Peer 1: 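Please find one structure pasted underneath; my questions will follow.
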Amino acid sequence: MNRRFSAKTILVSTCCILLAACSTTQPQKIETPTEASVPKTPEHPSVTNLSAEDRGQLYFSILLANIANKQKLYDVAQSNYFYAAEQTGSKELSSRAAMVALIERDYTNALEAIDLWVASDPNDKNAYKIALIASLAQNKQQQAQGYLHQLLPLLPESDDEKLYELLRMASFQEEADFIAFFEQVNQPLSSPIIATAEAYLRLKSSQPLEQYDRILSLLDFTLSKQPNFLSAIELKGEALALNSDQQRQHYLSQVLQNNQLTLDQTYKIGELLYTQRSFADALTAFSRVLEERPKDKQTQFLEASSYYAMENYAKASQLFWQLAQDNYKTEISSYYCADSASRVDDFIKAYSCYEMVPIGRYYMTARTELAQLYAENDMMQRAINSLRSAQRTVGLDDRQRLLEFEINLLTQSGDYEQAERRITSALQVSPNKPFLFYLKLQLLNQTQSVAEFIASVKSLQQSVETPQLKNDIVLIGANFLQGRNSYLLAYQLLEDAVENEPDNVELLYSKALAAEPLEYYSSMERDLRQVLKIDPDHHHAKNSLGYTLADLNRSLEEAKSLIESAYQVQPDNVAIQDSMGWVHYRLGNYDEALKYLEMAYKQQESPEIASHLGEVLWSMDLQERAIAVWQKALRMNPNNQYILRTLRRFPEANLLNR
């Protein structure tokens, strides 16, 4: 025991003596035990035979071990747990000592703790699991085999559960090579469970294809002995999928056709086929289950989902309708009942099912789709009433979304007067909501000329008192003007606002961006530098300034530094990825440029990114790929200035005549 004690432990021991001595001075209440209060036989030996000093040491060791374990001071925790386990014979303490030692990779002490553990409970499977791991980590194969033979009879009877426990154990400690161990133990092949465990570990290794033949031979052996072993069936399907999903689907379909499975196994195979999108075969499985269990709601639900996935919407709507009527997964069942019914023009059922969708994940979508469906069928007032009814049942954010949808619906139908009344009414209740001013400006943008719209923006700005709301109105108005290609007027609107608030970062940044389509690059650079002077961490301004410098092909090192700083904050931002690619292109780092631009293009095939990517590909003598990217962008955006401007610089691409 001396090797487990340190100077710290001796100091702790002294503290324990003092604590124990103090505790003996406390008055004690003596009660006469009744029959009901007679204690049961303790789980581990009593400590009443220990002196007060030894009990104090024991209790403190347990306390110290628990604290050390929480603080991940595993060496202190392990030594104190072991000491306490020796003193008490406690299964709980010896198991903790063994587990902590295993975490610390102190396999010798782990096995010593397991001896105490097994002495207190010789049928605890977890003791043999840890013993097996510790033995195998020390490459003690024979000892590990002994523990495995003791473990197997203690595992659950179900083969699937037995396999699960073996695999959890095998994945605990990377130093223990269970693949080689299972292969050695099961030589020649005799145990389907061990063979399946080895196949699983090989399948989940870093190079399963290199072990493909071994994996299949192990699983074929298992299935020759136990053809209904569901885990082995699933693993064989997964192994076949290394070649193709079609092979897996074909195999699972064959298993299903053999009809040797139990009903539960048939359902599981149906689930697997469903997840692999083999819906026709999945339906075969579900139909077989429903023949025996016609009221199985989950199987009915998957059956309905399979018909929906196969675009048999009439059948899907019928099945989802019944599930919704039975209140089974009401939210999703009623939504897909409505969606399926609307696809086959069964509008009466669609209306009913949409109305049945309760508040939750599908509610907002259901209400807007219901309103749209009413509107398409010339029932505009019912659409509006439905939306207004829904607004009374949801929170503020969802209420605003529904109101926006309602106003958009009114605007699309040309009912501008009712849309205006709705916004005005909402503003009277909530006069300081930017969202409502957005809706009002959106409506005015659709109904007024540019000059009238600008006058309305200024009038609205003057009608409010909150500085932030004034700015919001300007920003919204400028955005709508840019959407109408009125770039100069948008810029002037922002310029006037900045004159009143020259240090407002939001206005400055928006004005800088508004300068780009006008090619006011000096103004743009000046404003962006002012933004960064006020807010040095404004990564959007860093990216914009860096991109502008790169586009102008000057101060490239500064541009790169700015963009890299922004990239560190938002590496997944498509605009920043595009900027990274563009600045590397300007610096002549074509490979790096291509990497970032392909990254951005994969997320968003915008005309600007396409023009940049095509130019880099062209410069790398990959003209065919460049033309393909430009052609796609031109088909999707035939009037986009980025693409057209780029193509003017590469007339040899000759896209317009292709």
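In what follows, residues are counted from 1 in the order of the sequence shown. The shown structure was predicted, so the numbers you read here are calculated from the model rather than taken from an experiment.
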Peer 1: Using every non-hydrogen atom in the two residues, find where Asn243 and Leu209 come nearest and quote the distance to one decimal.
Peer 2: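 It is OD1-CD2, 4.4 Å.
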
Peer 1: Can you confirm whether more than 12 heavy atoms, excluding those of Lys349, are under 6.0 Å from its NZ atom?
Peer 2: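 Yes.
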
Peer 1: Side chains of Asp281 and Ser278: is there a donor and an acceptor less than 3.5 Å apart?
Peer 2: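 Yes - a donor-acceptor pair under 3.5 Å links their side chains.
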
Peer 1: Please determine, by modelled atom types, if Tyr267 and Glu271 share a side-chain donor-acceptor pair under 3.5 angstrom.
Peer 2: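 Present: a donor and an acceptor within the cut-off.
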
Peer 1: Checking side-chain polar atoms at under 3.5 Å, does Gln300 have a donor or acceptor matched by the opposite partner on Tyr328?
Peer 2: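 Side chains of Gln300 and Tyr328: no pair found under 3.5 Å.
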
Peer 1: Report the C-alpha separation of Lys268 and Glu234 in whole Å, then their side-chain angles, then the decisive distance to 0.1 Å, and conclude whether the salt bridge (charged side-chain N to carboxylate O under 4.0 Å, His left out) test is met.
Peer 2: CA-CA 9 Å; Lys268 287 290 186 184; Glu234 291 180 21; over 6 Å; no

Peer 1: So that I can tick it off, tell me whether Lys204 and Glu238 are bridged by a salt bridge, with the cut-off set at under 4.0 angstrom between side-chain N and carboxylate O.
Peer 2: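 Salt bridge between Glu238 and Lys204, a charged N being under 4.0 Å from a carboxylate O: yes.
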
Peer 1: Show the numbers, then the answer: is there a side-chain hydrogen bond (donor to acceptor under 3.5 Å, both in side chains) between Gln141 and Asn139?
Peer 2: CA-CA 6 Å; Gln141 297 282 337; Asn139 202 28; 3.3 Å; yes

Peer 1: Are any side-chain N or O atoms of Glu292 and backbone N or O atoms of Val289, one a donor and one an acceptor, separated by less than 3.5 Å?
Peer 2: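 Checking the backbone N and O of Val289 against the side chain of Glu292, no donor-acceptor pair under 3.5 Å is found.
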
Peer 1: Please report, to 0.1 Å, the donor-acceptor pairs under 3.5 Å made by any side chain of residues 187-195, with sequence neighbours excluded.
Peer 2:
residue, atom, partner, partner atom, Å
Ser190, OG, Asn186, OD1, 3.3
Ser191, OG, Ile194, N, 3.2

Peer 1: Side chains of Asp339 and Tyr308: donor-acceptor distance under 3.5 Å anywhere?
Peer 2: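 Yes - a donor-acceptor pair under 3.5 Å links their side chains.
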
Peer 1: Would you say the side-chain atoms of Tyr335 and Thr365 include a donor-acceptor pair closer than 3.5 Å?
Peer 2: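 No, no side-chain donor-acceptor pair sits under 3.5 Å.
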
Peer 1: Please tabulate, one pair per line, all N/O donor-acceptor pairs under 3.5 Å involving side-chain atoms of residues 309-323, not counting sequence neighbours.
Peer 2:
residue, atom, partner, partner atom, Å
Asn312, OD1, Lys315, N, 3.3
Ser317, OG, Tyr313, O, 3.3
Ser317, OG, Ala314, O, 2.9
Gln322, NE2, Asp326, OD1, 3.3
Gln322, NE2, Asp326, OD2, 3.4

Peer 1: Taking the side chain as every heavy atom from C-beta outward, state whether Leu203 and Leu242 have any atom pair closer than 4.5 Å.
Peer 2: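 Heavy-atom side-chain distance check passes, below 4.5 Å.
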
Peer 1: With a 4.5 Å limit on heavy-atom distance, are the side chains of Asp220 and Lys236 in contact?
Peer 2: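 Touching, per the 4.5 Å side-chain cut-off.
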
Peer 1: Taking C-beta and beyond as the side chain, do Leu163 and Leu167 meet within less than 4.5 Å on heavy atoms?
Peer 2: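 SC-SC contact between Leu163 and Leu167 confirmed.
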
Peer 1: Just grab all the salt bridge (Lys or Arg N to Asp or Glu O under 4.0 Å) pairs involving residues 590-601, residues at least two apart or on different chains.
Peer 2: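 For residues 590-601, and leaving out neighbouring residues, the salt bridge (Lys or Arg N to Asp or Glu O under 4.0 Å) pairs sorted by first residue read Glu592-Lys595, Glu598-Arg625.
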
Peer 1: Will you find, in the side chains of Asn66 and Tyr81, an N or O donor that is under 3.5 Å from an N or O acceptor?
Peer 2: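 There is such a pair (donor and acceptor under 3.5 Å, judged by atom type) between the side chains of Asn66 and Tyr81.
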
Peer 1: Answer yes or no: is there a side-chain heavy-atom contact under 4.5 Å between Asp578 and Met580?
Peer 2: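 Not in contact.
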
Peer 1: Going by the rule ring-ring contact (aromatic ring centres under 6.0 Å, His included), which residues pair with Phe182 if we only count those two or more places apart in sequence or in a different chain?
Peer 2: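 With sequence neighbours excluded, Phe182 shows a ring-ring contact (aromatic ring centres under 6.0 Å, His included) to Phe178, given in chain and number order.
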
Peer 1: Would the number of heavy atoms belonging to other residues, nucleotides or ligands and lying under 6.0 Å from CZ of Phe286 be above 12?
Peer 2: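 Atom CZ in Phe286 is crowded, with more than 12 foreign heavy atoms closer than 6.0 Å.
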
Peer 1: Any side chain to side chain donor-acceptor pair (under 3.5 Å) pairs touching residues 142-155, not counting sequence neighbours?
Peer 2: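 For residues 142-155, and leaving out neighbouring residues, the side chain to side chain donor-acceptor pair (under 3.5 Å) pairs sorted by first residue read Ser135-Gln143.
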
Peer 1: Restricting to ring-ring contact (aromatic ring centres under 6.0 Å, His included), what partner residues turn up for Tyr567, sequence neighbours left out?
Peer 2: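 By the ring-ring contact (aromatic ring centres under 6.0 Å, His included) rule, Tyr567 matches Tyr596.
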
Peer 1: With side chains defined as the heavy atoms from C-beta onward, is the minimum distance between Gln57 and Gln87 less than 4.5 Å?
Peer 2: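 Side chain of Gln57 against side chain of Gln87, heavy atoms only: no contact under 4.5 Å found.
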
Peer 1: Set out, in order, the CA-CA distance, both residues' side-chain angles and the distance that settles side chain to side chain contact (heavy atoms under 4.5 Å, CB included) for Asp160 and Tyr164, then state yes or no.
Peer 2: CA-CA 6 Å; Asp160 291 302; Tyr164 174 72; over 6 Å; no

